[in-house]
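Scope of the values below: all heavy atoms of this structure, side chains included, with no hydrogens, waters or symmetry mates. If you're wondering where the values come from, they're calculated on a predicted model, not measured in any experiment.
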Amino acid sequence: MENQKCDIGLIGLAVMGQNLVLNMADHGSTVAVYNRTTSKMTEFVEKEETKSKTVIGFEKLEDLVASLKAPRKVMLMIKSGEPVAAPEAKLYPEQSPVDAVIEQLTKLLDPGDLIIDGGNTHFAETERRTRYLESQGFLFIGTGVSGGEEGARFGPSIMPGGSEAAWPLVKDIFQGISAKVGPNDDIPCCEWVGPRGAGHYVKMVHNGIEYGDMQLICEAYWLLKNGLGLTNDELYDVFAEWNKGDLDSYLIEITRDIFSAKDPETGGDLVDLILDTAGAKGTGKWMSQLALDIGAPSMLVTEAVYARSLSAMKDARVRASQQLTGPGDKYEGDKKEFIEQVRQALYASKICSYAQGFVQLMAASQEMKWNLDFGPISLLWRGGCIIRAVFLQRIKEAFDKDPQLENLLLDPYFNEAVTKAQPAWRNVVKTAIDLGVPTPAFSTALAYYDGYRSDRLPANLLQAQRDYFGAHTYHRVDKPGEGPFHSEWLELRRKPA
């Protein structure tokens with residue numbers, strides 16, 4: 001093979017990496033590939049599907065780099081936690097796998113060349129790497145890639161951020177392989193997000209919203225199953241109907257399909273045989289932690305993370321179930337009417353979830369000086385990713401009408417939708433309490449809505465308490481612009497008669 005013939009290199013041939021390579025090759029790119037374990041690379045390039053593609057495998061990293069057209073472009077799809085470099089690598093303390101590979105590449109690449117991290121990386125790491133690599137003359141992109149294995153192969157949602165000068169180098173490749181939406185399926189679900197860690201932050205918020213969406217759907221399912229006693233066949237019909245309207249989305253669609261899946265061993269419904277302990281990879285937790293750091297009230301994703309944590313306490317829950325009691329009643333009203341109320345509650349809660357996600361993006365954009373454009377971000381999620389939904393077009397339209405919109409709940413469409421759903425939403429939460437069915441995400445979404453619409457909250461008492469025991473001071477409603485104030489609360493107490 002002659003040097004300088006490959007369009008892009010990719011390091012890390014787990015399933016996501018392999019599928020991205022095949023997708024790139026399908027769209028006209030010649031891709032150089034490398035894996036730390038050579039046998040994995042060899043196995044991949046010798047597959048029948050790969051043989052027909054413009055994919056070239058390399059056993060040595062330096063040979064991969066030498067094969068690339070200038071300016072060179074190398075994408076990392078490294079599985080978190082795997083050792084990938086020699087132990088003597090010392091560029092960063094407690095060097096991560098991604099940093100280790102970056103150190104190797106900086107010894108092989110030239111200034112102006114581009115390194116791309118396509119993994120689920122904490123945005124702060126991408127901020128650091130972008131600054132470091134730019135200081136050395138290199139370009140860096142940290143990009144979120146969403147859609148799982150199928151998305152990587154046939155069209156993911158791609159959220160790139162980093163060195164802005166790098167975007168023209170990969171724009172055609174990334175937009176070519178991304179999912180497409182629009183009337184003519186010609187709008188790529190890939191666009192430049194912003195500087196440094198902006199792309200990975202947007203991907204993290206996407207994942208956090210995904211946590212919330214999934215938890216809300218699970219609560220709707222549990223209410224209908226345990227409160228109404230619906231069978232899985234009936235649940236299939238409910239979710240099939242829901243997928244025709246406002247809730248039309250990938251997650252509703254796959255939930256419908258799950259209710260029809262049979263276990264090949266027992267012939268029973270597979271969903272009922274799955275242990276009720278949920279796993280997580282950490283991005284939802286990151287969003288919740290960063291929301292606390294930045295002061296953004298992303299309450300729903302936090303509740304969704306806690307719900308997974310509680311589900312993992314299976315043994316403790318089994319023991320508690322033998323001692324703790326609750327109502328455990330069945331719904332006695334009109335089933336059809338209540339199913340519609342649950343649908344409305346799900347939609348209203350979903351609106352609150354996305355509203356919280358975009359509020360956090362706004363706060364992060366301001367703090368990090370990213371200058372994010374929120375309408376196009378919502379379109380990145382219209383296809384290819386887990387939270388893809390028709391609903392996202394409404395978000396794009398809201399920010400088109402008002403680029404300075406401070407909360408989706410204030411947009412006329414979403415305001416009307418939530419107002420219309422309120423009676424049903426409140427009844428669903430009350431009914432869940434009466435039946436003893438836990439609905440933490442539904443309840444949290446409603447509490448957020450009620451808190452956000454309140455011009456007064458009880459924080460005045462809270463601030464008085466803080467000033468009483470810790471002299472933390474307060475401001476006064478009758479003296480705007482003045483203060484802060486502190487009171488000697490013991491001296492101001494009402495004297496006993």
Side-chain angles (χ1 to χ4, degrees), residues 144-148 150-151 154-159 178-183 185 187-191 202-221 236 238-259 283-284 287 298 300-301 304 342-361 374-401 405 407-409 411 413-418 420-421 425 441-442 445:
V145 180
S146 180
E150 181 181 355
F154 299 109
S157 169
I158 306 176
M159 297 153 260
S178 73
K180 308 296 189 299
V181 295
D185 288 332
I187 302 173
C189 294
C190 172
E191 190 51 78
V202 167
K203 172 59 162 59
M204 175 197 70
V205 170
H206 161 282
N207 285 21
I209 290 172
E210 177 187 312
Y211 272 57
D213 266 2
M214 294 173 73
Q215 178 63 28
L216 287 168
I217 291 170
C218 289
E219 291 178 14
Y221 150 64
Y236 176 94
V238 168
F239 278 81
E241 186 63 30
W242 286 359
N243 203 46
K244 297 175 183 177
D246 292 331
L247 290 172
D248 180 358
S249 64
Y250 174 72
L251 283 171
I252 293 291
E253 178 184 330
I254 69 168
T255 302
R256 174 202 66 192
D257 294 345
I258 285 168
F259 291 126
T283 45
M287 180 177 170
S298 295
L300 203 143
V301 61
V342 173
R343 185 196 67 79
Q344 292 185 45
L346 178 56
Y347 190 53
S349 299
K350 181 183 178 81
I351 291 171
C352 287
S353 178
Y354 281 72
Q356 291 173 24
F358 276 92
V359 165
Q360 183 166 341
L361 281 177
F374 304 107
I377 286 173
S378 67
L379 282 190
L380 297 181
W381 302 337
R382 273 288 311 278
C385 66
I386 306 304
I387 64 171
R388 59 185 183 266
V390 172
F391 165 87
L392 287 156
Q393 181 62 35
R394 298 288 190 179
I395 296 178
K396 172 66 163 59
E397 292 167 1
F399 284 111
D400 283 347
K401 285 184 292 185
L405 181 67
N407 193 301
L408 287 175
L409 290 169
D411 171 75
Y413 170 81
F414 292 115
N415 186 331
E416 181 181 350
V418 173
K420 181 180 177 182
W425 192 10
F442 276 156

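Two residues are said to be in side-chain contact when any heavy atoms from C-beta on lie closer than 4.5 Å; Phe399 and Ile377 fail this criterion. Side-chain contact between Gln356 and Met287 is absent, with no heavy-atom pair separated by less than 4.5 Å.
Within 6.0 Å of atom CD in Glu150, 12 or fewer heavy atoms from other residues, nucleotides or ligands are found, so the atom counts as exposed in its surroundings. Within 6.0 Å of NZ in Lys401 there are more than 12 heavy atoms belonging to other residues, nucleotides or ligands.
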Which donor-acceptor pairs under 3.5 Å do the side chains of residues 380-394 make with protein atoms, sequence neighbours left out?
unit_1	atom_1	unit_2	atom_2	d
Arg382	NH1	Gln393	OE1	2.8
Arg388	NH1	Cys385	O	2.8

Only distances under 3.5 Å count here; give the side-chain donor-acceptor pairs of residues 238-250 to other protein atoms, sequence neighbours excluded, each with its distance to 0.1 Å.
unit_1	atom_1	unit_2	atom_2	d
Asn243	OD1	Ser249	N	3.0
Ser249	OG	Leu247	O	3.0
Ser249	OG	Ile252	N	3.3

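Pairing each heavy atom of Ile187 with each of Gly182, the nearest pair is CD1-CA, 4.0 Å. Closest of all the heavy-atom pairs between Ala445 and Cys352 is O-SG, 3.7 Å. The two atoms that bring Leu346 and Phe442 nearest to each other are CA-CE2, 3.6 Å, heavy atoms only. Taking all atoms of both residues into account, the shortest heavy-atom contact from Leu379 to Cys189 is O-SG, 3.8 Å. In plain terms, the two heavy atoms of Gln215 and Ala304 that are nearest each other are CB-CB, 3.9 Å. Closest non-hydrogen pair, Lys180 versus Pro188, comes out as CD-CA, 3.7 Å.
The distance from the CD1 atom of Ile158 to the NZ atom of Lys203 is 11.5 Å, given to the nearest 0.5 Å. Residue Thr283 holds its OG1 atom at 7.0 Å from CD of Glu210, rounded to the nearest 0.5 Å. With values rounded to the nearest 0.5 angstrom, Trp425 atom CH2 is found 12.5 Å from Tyr347 atom OH. Interatomic distance, CD1 of Ile351 versus CG of Asp411, reported as 9.5 Å (0.5 Å rounding). How far OG1 of Thr255 is from CE of Met214: 8.0 Å, rounded to the nearest 0.5 Å. Atom-to-atom distance recorded for Phe358:CZ and Ser353:OG is 10.5 Å, nearest 0.5 angstrom.
Side chain of Ser378 to main chain of Gly375: a donor-acceptor pair is present (N/O by atom type, distance under 3.5 Å, no hydrogens or angles). Under a 3.5 Å cut-off, the side chain of Glu219 and the backbone N or O of Ala441 do form a donor-acceptor pair.
Of the residues listed (Leu408, Leu409, Asn407), the one engaging Leu405 in a side-chain contact (heavy atoms from CB on, under 4.5 Å) is Leu408, and it is the only one.
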Check step by step if side chain to side chain contact (heavy atoms under 4.5 Å, CB included) holds for Ile395 and Phe414.
CA-CA 9 Å; Ile395 296 178; Phe414 292 115; 3.8 Å; yes
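Applying the salt bridge (Lys or Arg N to Asp or Glu O under 4.0 Å) test to every pair with at least one member in residues 343-354, sequence neighbours left out, gives these pairs: Asp213-Lys350, Glu340-Arg343.
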